[in-house]
Amino acid sequence: MSLHLYAATSNRGKLREFKQMAGSAGVEILPMPENLLDPPMEETGETFSENARLKAEGYSLRSPGQLVFADDSGLCVDALNGAPGVHSARYATMEPGVFDVSGESVDAMNNERLLRELAKRSIESRKAKFVCVIAVALDGKTLAEFIGEAEGEIIDGPRGTEGFGYDPLFYFPSLKKTFAELSPIEKANHSHRGAAFKAMLQKKELFTAKAE
């Protein structure tokens with residue numbers, strides 16, 4: 001019997017990537033039922049690790065006896081002292097006078113704010129990194145945590161139509177492409193989320209017994 005895990009996310013882009021990366025690893029990634037994602041867990045942590053654990057533990061309590069994993073990820077830009085960091089998903093909405101939006105609109109607004117903030121500074125380097133932390137939990141207890149990073153730089157304007165979030169602005173030097181220009185296979189092999197997710201799949205024996 002294949003191992004299955006519930007992905008505690010309402011982000012369709014993330015869910016699509018997780019399912020693609022699971023591939024033939026013998027792990028089935030299932031979306032957590034929408035009614036169990038509502039209300040969403042408050043991301044009150046100050047680090048990616050804290051937020052990943054908060055979400056994984058909280059959502060696993062809503063699905064007793066099931067393995068649940070959650071990730072917290074974001075973009076850290078050197079010139080912005082690590083911002084947007086844990087606030088990556090809501091970077092634009094944290095500006096005064098900006099109301100909460102969702103979907104593709106917030107992605108575009110986040111990218112626009114990032115470019116505005118960089119334009120305010122006289123900088124030579126636009127080094128940045130994506131960070132992802134995945135936590136796996138069962139009945140409110142974290143069983144394991146996995147970390148992945150990808151280093152690159154921020155370009156002046158969006159390139160590519162794949163991916164989501166800051167992908168169109170994140171240039172990956174070794175492939176000479178933005179993350180939004182990568183194929184699903186390329187992104188799985190080089191992204192922060194891919195690294196953390198693969199590490200989780202490689203350690204599935206750590207929690208297989210817990211799922212039985």
Side-chain angles (χ1 to χ4, degrees), residues 1-23 25-76 82 84-91 93-94 99-103 106-107 110 130-149 164-166 188 191-212:
M1 180 182 297
S2 65
L3 174 68
H4 67 266
L5 297 94
Y6 283 95
T9 181
S10 58
N11 186 309
R12 293 181 180 178
K14 286 185 180 182
L15 186 59
R16 180 175 62 251
E17 288 186 2
F18 288 138
K19 287 185 174 182
Q20 289 171 340
M21 289 187 289
V27 178
E28 184 180 10
I29 304 302
L30 302 174
M32 178 164 279
E34 290 187 9
N35 64 303
L36 298 182
L37 291 173
D38 190 29
M41 295 291 164
E42 291 189 34
E43 298 180 30
T44 56
E46 297 182 358
T47 65
F48 295 116
S49 175
E50 290 176 1
N51 282 331
R53 286 173 175 261
L54 281 170
K55 290 186 284 186
E57 293 173 3
Y59 287 121
S60 70
L61 287 173
R62 299 180 184 178
S63 189
Q66 299 292 336
L67 284 170
V68 174
F69 76 93
D71 87 295
D72 196 51
S73 55
L75 179 70
C76 302
V86 294
H87 305 299
S88 292
R90 52 190 183 279
Y91 193 42
T93 63
M94 296 177 69
F99 296 97
D100 192 21
V101 291
S102 60
V106 75
D107 282 352
N110 284 337
F130 270 128
V131 179
C132 175
V133 176
I134 291 177
V136 183
L138 177 70
D139 296 334
K141 180 181 178 181
T142 295
L143 304 180
E145 184 178 297
F146 307 93
I147 302 172
E149 295 185 356
F164 58 95
Y166 298 95
S191 76
H192 55 305
R193 190 169 295 109
F197 190 75
K198 287 178 181 178
M200 181 184 76
L201 294 182
Q202 291 170 359
K203 296 293 184 180
K204 62 178 181 288
E205 70 274 6
L206 293 177
F207 37 84
T208 299
K210 298 288 185 178
E212 295 176 353

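Every value quoted in this text rests on a predicted model; they were computed, and no experiment measured them.
For the pair Tyr91/Leu75, no side-chain contact is recorded, criterion being any heavy-atom separation below 4.5 Å from C-beta on. Between Val131 and His192, every side-chain heavy-atom pair lies at or beyond the 4.5 Å cut-off. Contact check for Arg62 versus Met41: side-chain heavy atoms found under the 4.5 Å cut-off. Side-chain contact check for Asp139 versus Pro64: some heavy-atom pair is nearer than 4.5 Å. Two residues are said to be in side-chain contact when any heavy atoms from C-beta on lie closer than 4.5 Å; Glu17 and Phe164 meet this criterion. In this structure, the side chains of Met94 and Pro84 stay at 4.5 Å or more apart for every pair of heavy atoms. Here the side chains of Tyr59 and Leu37 are in contact, with some heavy-atom distance below 4.5 Å. Inter-residue side-chain proximity for Pro40 and Asp38 is flagged as met; some heavy-atom pair is nearer than 4.5 Å.
In this structure, Leu30 CG and Lys19 NZ are separated by 7.5 Å, a value rounded to the nearest 0.5 Å. Put simply, CG on Leu143 and CE on Met200 are 11.5 Å apart, with the number rounded to the nearest 0.5 Å. To the nearest 0.5 Å, the span separating CG on Asp107 from CG on Asn11 amounts to 7.5 Å. Separation of atoms OG (Ser191) and CE (Met21) is listed at 5.5 Å; rounding is to 0.5 Å. Rounded to the nearest 0.5 Å, atoms CG (Asp72) and OG1 (Thr9) are 10.5 Å apart.
Judged by distance alone, the side chain of Lys198 and the main-chain N or O of Ala188 form a donor-acceptor pair under 3.5 Å. At distances below 3.5 Å, at least one donor-acceptor pair connects side-chain atoms of Ser88 with backbone N or O atoms of Gly85. Panel note: side chain Asn51, backbone Gly45; a donor-acceptor pair is recorded below 3.5 Å. A donor-acceptor distance shorter than 3.5 angstrom exists from the side chain of Asn110 to the backbone of Ala89, with no hydrogens or angles considered.
Checked against a 6.0 Å centroid threshold, the rings of Phe69 and Phe146 do not count as neighbours.
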